[in-house]
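These notes are about the structure you will find just below.
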Amino acid sequence: MLQVSYIVENKEKVIAGLQKRNIPQVQDILNEVIILDEKRRNTQLTLDQNLAEANTIAKQIGALMKEGKRAEAEGIKQRTSELKATNKQLSEELEATKQSLLKALYNIPNVPHDSVPLGNSEEDNEEVSRHGNLPALGDHAMPHWDLIKKYDIIDFELGIKITGAGFPVYKGKGARLQRALINFFLDEATSAGYGEVQPPIVVNEASGYGTGQLPDKEGQMYHIGNENLYLIPTAEVPITNLYRDVIVDQNDLPIKHVGFTPCFRREAGSWGAHVRGLNRLHQFDKVEIVQVRKPEESYQALEEMCSHVEGLLKKLQLPYRILRLCAGDLGFTSVLTFDFEVYSAAQKKWLEVSSVSNFETYQANRLKLRFKGPDKKTQLLHTLNGSALALPRILAAILENNQDETGIVIPEVLRPYTGFDRI
RNA sequence: AGAGGAGUGGCAGAGUGGUCGAAUGCGGCAGUCUUGAAAACUGUUGUACCGCGAGGUACCGGGGGUUCGAAUCCCUCCUCCUCUGCCA
């Protein structure tokens with residue numbers, strides 16, 4: 001969430017930024033925050049003063065009791081019971097104000113970067129660059145949902161039987177190819193300096209709030225009611241939350257992690273004809289990279305991460321394009337996001353396979369993720385993450401783009417991992 | 001899952017109703033000494049909020065309660081340890 005001090009000091013910039021996101025009544029929302037914060041401070045001040053007085057009296061009573069002056073002690077107890085009543089009221093008021101303030105802040109998204117283009121939907125995203133040649137497939141070309149049946153490598157019906165729609169079963173060479181992609185992505189990230197972690201794929205409420213999935217995306221996560229836990233929608237959640245409530249030693253920066261996890265998304269309300277096959281699933285595999293950086297380095301880190309993702313796509317020899325997300329399509333917590341899309345030749349459309357974002361201090365503020373600067377003061381760090389990569393659409397593109405009359409050609413770099421060169 | 005025990009500052013570990021944000025040791029930082037290092041000695045060393053400042057307030061696993069006053073007493077939740085049970 002945004003810091004109140006930042007809102008106060010950069011009000012015009014914040015208003016302009018949030019207006020880019022088409023948020024109605026931005027001024028009113030920000031004013032409410034500022035008023036609540038003032039109220040919080042005033043209430044705190046009065047309460048602190050009362051508490052100071054109560055503390056003083058308590059000490060006096062202690063001293064009097066020791067001297068055996070009981071009667072005198074009883075006398076000043078009067079004042080404390082008055083204070084007690086007021087203080088109870090004040091602290092309830094303070095708590096309520098803090099809660100309202102927090103709630104208001106939770107509902108304000110991050111301020112987009114200056115370079116974020118205007119726009120309402122994915123139609124308005126800016127294409128930054130395009131790489132690789134689009135394959136020309138013959139008339140015999142099949143979309144991946146037919147290919148997986150033909151070669152019996154993924155079974156949706158079986159998944160429906162044991163779980164439900166959107167939970168595919170990978171079989172034989174299909175399963176092996178999944179494992180190959182995961183290992184390839186993990187190895188690439190490890191050689192690029194990312195420390196591998198294997199986090200839990202179930203997280204508590206505090207973690208959900210830490211990275212901003214809660215309360216914004218409450219309905220999009222699977223919830224385990226009897227334990228009040230959530231299935232992760234992305235490894236971003238557990239990995240970034242590793243650093244919740246942490247003051248990082250300067251020497252431990254930068255922090256770079258990679259992790260493979262399954263991801264779970266309810267995708268409520270987003271199903272339709274365009275989400276056939278592997279295009280959209282409830283459970284999918286993803287390798288995620290996460291960085292925690294000093295503020296002045298975070299945009300350099302964003303570039304590094306984008307280059308890493310590009311490197312993967314180049315090695316897989318997939319045609320791809322890079323998009324700068326417009327304000328309307330930008331995630332709630334993000335300042336700047338680049339999407340990577342691969343071309344799916346038989347569907348003749350671009351599929352998003354990675355999203356690389358800088359959150360600046362937005363998550364860190366919720367996480368209380370800080371470091372001690374040279375001036376010995378604690379300050380918030382910047383967090384970033386990106387998919388490197390999400391598997392299903394990569395798989396879809398490989399299947400479609402690399403098909404020929406007799407099968408599917410496995411990209412060179414994956415062969416050491418698959419142990420076969422064709423399906 | 002049942003019974004018992006325990007959670008204190010970066011770590012170890014005192015503290016069972018007032019003078020305790022908390023002894024002591026270790027570690028960290030700064031300095032003295034030294035060609036340098038080590039040792040020794042001296043000082044310093046949590047976080048957040050409020051305040052221009054002096055300073056104030058809160059925090060001893062989380063939350064609630066008793067009391068003029070809680071690290072200390074009570075309730076509750078969480079976590080860890082031991083034993084019993086179950087189990088990949």
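These figures come from a predicted structure and were not determined experimentally. Every chain is numbered from 1 and lettered A, B, ... according to where its sequence line falls, protein lines coming before strand lines.
Between A/Leu94 atom CG and B/A48 atom C1' there is a gap of 13 Å when expressed in whole angstrom units. Atoms CD (A/Glu38) and C1' (B/C50) sit 14 Å apart, rounded to a whole Å. Straight-line distance from the CD atom of A/Glu227 to the P atom of B/C77: 15 Å, rounded to whole Å. Put simply, CD on A/Gln379 is 12 Å from P on B/A48, counting in whole angstrom units.
B/G61 and B/G13: their P atoms are spaced 15 Å apart (whole Å). Here the separation of B/C74 from B/G56, taken at their P atoms, is 32 Å to the nearest Å. On the P atoms, B/G4 is 13 Å away from B/C75, given to the nearest whole Å. When the C1' atom is used for both B/C60 and B/U47, the distance is 13 Å, rounded to whole Å. Look at the C1' atom in both B/A39 and B/C49: the space between them is 43 Å, to the nearest Å. Taking the C1' atoms as reference points, B/A37 lies 35 Å from B/A14, given to the whole Å. If you take atom P in B/G27 and the same atom in B/A12, they sit 15 Å apart, rounded to whole Å. Taking atom P in both B/C78 and B/G18, one finds a spacing of 32 Å when rounded to whole Å.
Partner assigned to B/C68 is B/G18, using Watson-Crick or G-U wobble distances below 3.5 angstrom. B/A54: no Watson-Crick or G-U partner with both key distances under 3.5 Å is found in any strand. With both pairing distances under 3.5 Å, B/A23 is matched to nothing as a Watson-Crick or G-U wobble pair. Across the strands present, B/C60 finds no partner; the criterion is a Watson-Crick or G-U wobble pair with both atom distances under 3.5 angstrom. Across all strands shown, B/C33 forms no Watson-Crick or G-U wobble pair with both distances under 3.5 Å. B/A3 and B/U82 make up a base pair, with Watson-Crick or G-U wobble contacts both under 3.5 Å.
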Legend entry - Letter per nucleotide, 5' to 3', of nucleotides 55-70 of chain B [B base touched, S only sugar-phosphate touched, - untouched; heavy atoms, 4.0 Å]: -BSS------S-BBS-

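Side-chain nitrogen and oxygen atoms of A/Thr378 include at least one within less than 4.0 Å of the OP1 or OP2 phosphate oxygen of B/A48. Close to B/G51, at under 4.0 Å from its OP1 or OP2, lies a side-chain N or O of A/Arg41.
Under the rule for a ring pair (Phe, Tyr, Trp, His ring centres under 6.0 Å), the partners of A/Tyr230 that lie at least two apart in sequence or sit in another chain are A/His223. Judged as a ring pair (Phe, Tyr, Trp, His ring centres under 6.0 Å), and not counting sequence neighbours, the contacts of A/Tyr243 are A/His257. Residues passing the side-chain hydrogen bond (donor to acceptor under 3.5 Å, both in side chains) test with A/Ser115, sequence neighbours excluded: A/His113, A/Arg324.
No engagement by A/Arg79 is indicated, since no non-hydrogen atom pair under 4.0 Å with the nucleic acid exists.
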Atom pairs and distances, donor-acceptor, side-chain atoms in residues 409-423 of chain A, under 3.5 Å, two or more places apart:
residue	atom	partner	partner atom	Å
A/Arg415	NE	A/Ile410	O	2.9
A/Arg415	NH2	A/Ile410	O	2.9
A/Tyr417	OH	A/Asp187	OD2	2.7
A/Thr418	OG1	A/Leu414	O	3.4
A/Thr418	OG1	A/Arg415	O	3.3
A/Thr418	OG1	A/Phe420	N	3.2
A/Thr418	OG1	A/Phe420	O	2.7
A/Arg422	NH1	A/Asp404	OD2	3.2
A/Arg422	NH2	A/Asp404	OD1	2.8
A/Arg422	NH2	A/Asp404	OD2	3.0
A/Arg422	NH2	A/Thr406	OG1	2.8

Sequence neighbours left out, cut at 3.5 Å: what donor-acceptor pairs do the side chains of residues 308-317 of chain A make with other protein atoms?
residue	atom	partner	partner atom	Å
A/Glu310	OE1	A/Tyr320	OH	2.5
A/Lys315	NZ	A/Glu188	OE1	2.8
A/Lys315	NZ	A/Glu188	OE2	3.4

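A donor atom on one side chain and an acceptor atom on the other are found under 3.5 Å apart for A/Gln363 and A/Thr383. A donor and an acceptor atom, one from each side chain of A/Arg244 and A/Ser207, are located under 3.5 Å apart. Of the N and O atoms on the side chains of A/Lys294 and A/Gln379, not one donor lies less than 3.5 Å from an acceptor on the other residue.
Applying the side-chain hydrogen bond (donor to acceptor under 3.5 Å, both in side chains) test to residues at least two apart or on different chains, the pairs with a partner in residues 165-177 of chain A are A/Asp152-A/Lys171, A/Asp155-A/Lys171. Counting only residues at least two apart or on different chains, the salt bridge (charged side-chain N to carboxylate O under 4.0 Å, His left out) pairs with a member in residues 82-105 of chain A are A/Arg79-A/Glu82.
For residues 243-255 of chain A, proximity to RNA chain B is found at A/Ile247, defined as any non-hydrogen atom under 4.0 angstrom from a strand atom.
Taking the six-membered ring where tryptophan is involved, the planes of A/Tyr209 and A/Tyr106 are tilted, since the angle between them lies from 30° to 60°.
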